Each structure stands twice: as structure tokens, then as C-alpha cells.
Protein chains: 2
Amino acid sequence: MCYKSFMQQGTRLPTLEDVARVAGVSRATVSRVINGIRNVDPHLHEVVWDAVGRTGYVPNRMARSLVTRRTGTVALVVSDSESHDDDPFMSRFFADPYFGRVVGGLMSVLRQAGVQLALQIVGTDEGRKRLVGDLRNGQADGVIVLSLPAVDALPRMLTDGGVPAVMIGRPTEPVPINYVDLANETGATLAAEHLLARGCQRIGMISGPADVPASHDRISGFRRAMARHGHGWVPIAAGNFTQDSGEAAMRTLLTESPDLDGLFVANDLMAVGALLTLREAGRRVPDDVAIVGFDDSSAATAAAPALTTVRHPLEDMAAEAARLLLARIEDPEMRASSVIYEPTLVLRQSA
Amino acid sequence: MCYKSFMQQGTRLPTLEDVARVAGVSRATVSRVINGIRNVDPHLHEVVWDAVGRTGYVPNRMARSLVTRRTGTVALVVSDSESHDDDPFMSRFFADPYFGRVVGGLMSVLRQAGVQLALQIVGTDEGRKRLVGDLRNGQADGVIVLSLPAVDALPRMLTDGGVPAVMIGRPTEPVPINYVDLANETGATLAAEHLLARGCQRIGMISGPADVPASHDRISGFRRAMARHGHGWVPIAAGNFTQDSGEAAMRTLLTESPDLDGLFVANDLMAVGALLTLREAGRRVPDDVAIVGFDDSSAATAAAPALTTVRHPLEDMAAEAARLLLARIEDPEMRASSVIYEPTLVLRQSA
DNA sequence: TAACACTCGGAAAGCGCTCTCCAAAGGCGC
DNA sequence: GCGCCTTTGGAGAGCGCTTTCCGAGTGTTA
């Protein structure tokens, strides 16, 4: 029963039992040593670790989870609406810097905690129900929720089921769930006031879908700020956060309000689209029309001219979400709390 | 024992045992019905499903995995080198469209197969060893490997351990492992010939790190193609696939060869950086210098001018990797195979 | 009607681990 | 030297599920 043999693929892997036999103690003792529980005679301690090394033993997580009810896994669930159940949309979603930034932020925290991230997509209510069932069964210790649809039953189902969960972005309807969010209204205000301060007179906006919270807040924040400065009405065209939709929205905005000289776009990707349309239309940025984007994603610096944009500290937010979740998993009594981040304006060339 | 009670968080979840009791049969029968095994009396079949519905039963995956040795999970492991063990690099990696495209491609296949994806990062040899141990223990049914370092022991460890694995991008050293890859040399050739056909006389290249296979192949392919057309020597500056490094590389290239009129960049992100530097230097693209990028990522269409680029069908490749892995998991006897994709040139404004 | 081949459901043995109980051993004061 | 408390290791009962092995019941044929 040597180390080498355990590295070969055919061989049965060593179990606690095997280690116990090699060390000449009982299973229980090996388990205690490995989990560092109670005082075990230092001598035995050493003997056991030696046996572990010799056998090449690796604890079986499945078996351990079965009894401890802990998996060392956190799920990142992307809750999508049924209408988007087809691939193309999801592909676009994953390719969006948004997704990567969230994953990066989460991993920075989870990795150090030795927790792995499992990706889950649910697109139907059936799927949501199954997911919550699996989660309650201990499939994962907790879940980070990225909710895309305007109305989503998932947050409620999760809290009802007692599943530790943290949302990125607030839920549409009030639900006693942990979440981290950005002060979207403030961000929109920042953009509006910058455009105004710059001397723009006819300012428009390209928004996201009006029914998702983040998007809604950016619209209302922008409207409110503009109104405060005497602009009771502003032209708004809606997109869906993709570059293509930004191009299209810019076209409609341009035909509706040809004299535009300032523009706030609800995310950088759409702003890049707008930039393209504008260039096509022969408008110079920022001279003819000044643009402020939103997110400060990689698209902002890649754009020409580089985008002045509202910084959305997604990585930090995701990291905080992970910390919140870990804390909640540790302490089930923890009450729902939320953390709101303040956006800042990043000045570049576009405005 | 009603449905509602099982949805409350305090309550113990129903087990097979509970369902059996409600249905008035044995655990074994319920298990058979649920897994659709053997002929069970249609009547009982119905009774059991009814009991499942009434109790709100969800099978416990952990317990099931423990005995079936199947988890319904595939791991996406990002194998990084120790030197990059700090967060910043990883964050950048996740934000890169590359990562998102791979995840999107994988999920499109895995999702339909009802398999979940677990994200794992390993940065040390210690970590790699633990990972392989966990994997052999059935932590996941198989693994998709994204290997970043120039020399990486992981592929070998995986095959030695008998862990079903598929790499995205060929391994540095020959290892009997499944992989999907792009004909990088061909891609570079496509770029070189397009630049040449366009009439460029002094063509340079911005490459990635010379020691990683994909990058290496793009360099050698480019060099070879240029040599075939009488350009025995081409100026090359290396970056590391980030936009910043592209800007820097462009600057050095510009000082070394100020008369450049054509440029091949090993990925779009760096091409965008090059574009920025070029603009700063007052060179027009494509009039003064024509640029061909690589990847056809979202950065290519976002750039101004939009990038002519070599299309890297990453989503398709990742999807194929997932299919290959699933097949390998189904059939352990399957021998290592690889699929090489042919790149194509996408014409836009930059060249 | 008896013998046989089938079909179908149940009992029970694990999968690999944790952890509660319990017994044995050692240390202490009186 | 004896009883009592503390430390330490082992036995064993599960965690929730699958699956083999059997026995009972049913239908079929000689």
C-alpha cells in the first residue's frame, strides 16, 4: 500500500479506513486529526499525518458533505426570464464585461476562503423550483444571485426556503434578502450635472429596459436631476445594454432630436454603439455631442474617444457580496442587510 | 406531512424514506421510480410520483453522488502560474472577453445536459495536487482546462490520474489529453497575406508572451508567411494580451520602426491599445498603418475604426470541448482526440 | 394440476465520512 | 490506597441514497 499505487488510475482510492489501518488507530482518530478536533496525543497526531502522506489520502468531499451539511461551494445563479431561454442571449451576457467583473470579484474572496463557485442558469419557474430544492438539500452552502428579469420570484423563494443568499443589485420587489447595490440614481445625477456644467443644452439619454431596477433608477435619477435644472422633459430611447441596441437607440434619438448636444448612456457598451452611430452621422464627440457612459468597464477605455463614465465598482461589490454571503453562512441568524456603493465620475475624452 | 410544511425553512426535508411511507412502498421502489429503472407497476409508479409531489421531495445529490460516483458537475479549472497568484491579474483575466466567451460556449452545452459548471483556480503546485486528488475522489465528473502558464504540470497529472479532461488550447508538451484548438499559424498567415495583399511594405507585429503555445504559433505562422513573401525579418514587440500592454508595445514598435505601414496584433485587446497609441502619435488607421487583430472579440467591433481581425470561434470551440468531455465521461475508454478549428479573416475598417 | 420461467417489490448492505457516546487510562486529593 | 475527575481513543450509529439479492406472486406450458 504505497503512495505510488494510489496515484495510478485503476486503483481504489484510499479511505479513512485505509489510513487508520496504516496508522494503527481507529477511523475516528484519523478523522479527529485531519479535522484538528480535540486534543489528540501529539505522537499519534504525527503517526496519522505520516500515514496520510504515505497513502496519499484525500478526504472525499461528498461523503463529508453528506454528514456535515456543508459543501464548500457557493452557487452563482443567473436568473433569466423564459423569453431569453435561447442561447444567443446568454452568450452575449457571458461575453459582457459585467459577467466577468462579477466573477472576478467573487473569486477574489471565495478563493481565499477555499470555497468554489458553481455556475447555474435558470430560465424557467420549473428550473427555479428545482434549484431552490437542490439548494435546500445542501447542493451549495449559499448563493449569489444575478437577477435579470424585471419580475423574478427567485429572491422570495430563496428567503422562504431559508437559503443563504445575496443579490447583486436590489430585488425588484422588497424581499428580506441581503444585497449589494450601486446608488444608481446618484450616478445618473452625476452624469446629468456634468453634462449640464459642460454647457450642454439639449441632453438626451439612452437607457436600459425600464423595468429592471438598476435601469429604472438610472432613468429616474437622470430625469430628476435634469428637472431640477429646468429641463422638465428629456428625450430617452431605450436599449437592452448591448452595443447593437446602443447603435439603434442612437439612431432613433438622432431622428427625434437632431439638435442633441449631450448624451447620457446607461452603460458603456451602448455608449460605444452610440459613438459608432454618431460617427456615421458625422457628429464629432465631444465637440458636437458630449457623451457620458456608465460602468467604467473595459469598453470605456477601449472606445475612441475614451468614455467619460460613471464608475460602477462591480468587482468590489461582488467581493463584498461574497463576504456577506460567507458571513451569513457562518451565522444563520444574521439579518438581511444591504450595502450601497457610491458611484463616482471618471473623466475622459467623451465629455 | 403536507407539501407546505416542507417549504418552510425550519422543517427537515423529505427523504426517500418519507416518500416511501407516504406512498406505502419501500425506499427501493421509490428510488426505482425516480430513476426510471426497470418496470415498475404503472399503478405504483403513479402512486409514487404523487407522493413525491405531495411531499415536495427533491433527491439529495450528495447522497446520490456518494454511491453513484457521479456528480453532474464539470469543473472549469484555470491553471495559473505562481507568479500571478495575486488578485489583479486574475481580475483582468475574468474581465477579458476570452473568459466570458469560453464560459458561454461551455454553458450552452452543459446546461442542456443538466450539468453544472464549477469554477476552480489553481496557482500553485500544491493546489494542483489537491485539485487532482479532489477530482479523483469524484468532486467533479470531468474538467475543462484553461492553462495559462507556459509550462504546466496539470495536464499530465490529470491524465495520469485518469481524470476525464479536455483542454482549450493545446498543451505545451505533448500529453495524451483531449483538446480543442485553433489553427493559430493559419490565422497568422491569413493576417500576413491580407496585409501584404493590401500593399503594406513595412509590416510589424505585436505578439503575446512567446512561450505560450497559442502565442508562439501566431508568431511563427506570421514569420513564416512573411518570409515566404520575401520579408525575412519583421519587427515584433511582445505584450501580454492586455490593452495596456498593447499600447506599450506599439510605442516601442513605433520608435524602433517609425516607418511601419502594417501591423498584425495577436489579439484584439492589444490591437485596441495599439490603436490608441497610434492615434496619439498622429497616425491614421488604416491610411497610415493598417491593422489586423486576432480573436474577433467584442473589442473588435467596439474599436474605432472597427478591427479587421482573425476570427477565433471560441464559443464553438468551448462547446465542442464540453461535448468531448461529456462523451469521454460517458465512455472512459475513449482515446484522446483533438479538434482543430480553422480561423477566418473578418474584414472591417482597420485593414 | 404441477412445474417452470418471469416479473416485481422489499430487505439490507453498503458508499466514506463525522460525531456522539462510552470505556479505559491517567492524575489528583484525602 | 481508594474514589473521583479529566483526558483520550474506539465502537458504532447514522447522513440519504442506490443496487444486489431474494422471495413472493403471476402467467404459461406440459
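Below, read A as the first sequence line, B as the second, and so on, with proteins coming before strands; counting in each chain starts at 1. The structure presented is a predicted model; accordingly, all values stated were derived computationally and were not measured.
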- Could you state the CG-C1' distance from A:D134 to D:dG16, rounded to the nearest angstrom? 14 Å
- Among all residues two or more places apart in sequence or in another chain, which pass the ring-ring contact (aromatic ring centres under 6.0 Å, His included) test with A:F99?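 Expected list: A:F93, A:F94.
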- Using five pairs at either end of the helix from C:dT1-D:dA30 to C:dC30-D:dG1, determine the angle between the two local helix axes and round it to 10 degrees.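 End-to-end axis angle: 50°.
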What residues form a side-chain contact (heavy atoms from CB on, under 4.5 Å) with [X], not counting sequence neighbours?
| X | value |
| --- | --- |
| A:E46 | none |
| B:R323 | B:V109, B:A319, B:E320 |
| A:A327 | A:M334 |

- Item | Listed partners of A:T73 passing side-chain hydrogen bond (donor to acceptor under 3.5 Å, both in side chains), at least two apart | A:Q116
- Query: Which residues pass the side-chain hydrogen bond (donor to acceptor under 3.5 Å, both in side chains) test with A:D316, sequence neighbours left out?
  - Reply: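 Partners of A:D316 by the side-chain hydrogen bond (donor to acceptor under 3.5 Å, both in side chains) criterion come out as none, since no residue qualifies.
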- Message: Is it the case that the side chains of A:D152 and A:S79 hold a donor-acceptor pair, with the cut-off being a distance below 3.5 Å and no angle test?
- Response: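 Yes.
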N/O to N/O distances under 3.5 Å, protein versus nucleotides 16-19 of chain C:
from	atom 1	to	atom 2	distance (Å)
C:dG16	OP1	B:R69	NH2	3.1
C:dG16	N2	A:A63	O	3.4
C:dC17	OP1	A:Y57	OH	2.4
C:dC17	OP1	A:N60	N	3.1
C:dC17	OP2	A:L16	N	2.5
C:dC17	N4	A:R27	NH2	3.4
C:dT18	OP1	A:N35	ND2	3.1
C:dT18	OP1	A:R64	NE	2.7
C:dT18	OP1	A:R64	NH2	3.2
C:dT18	OP2	A:S31	OG	2.8
C:dT18	O4	A:R27	NH2	3.2

- Query: Is there any side-chain hydrogen bond (donor to acceptor under 3.5 Å, both in side chains) pair reaching into residues 165-177 of chain B, and which pairs are they, with sequence neighbours excluded?
  - Reply: B:R170-B:D217
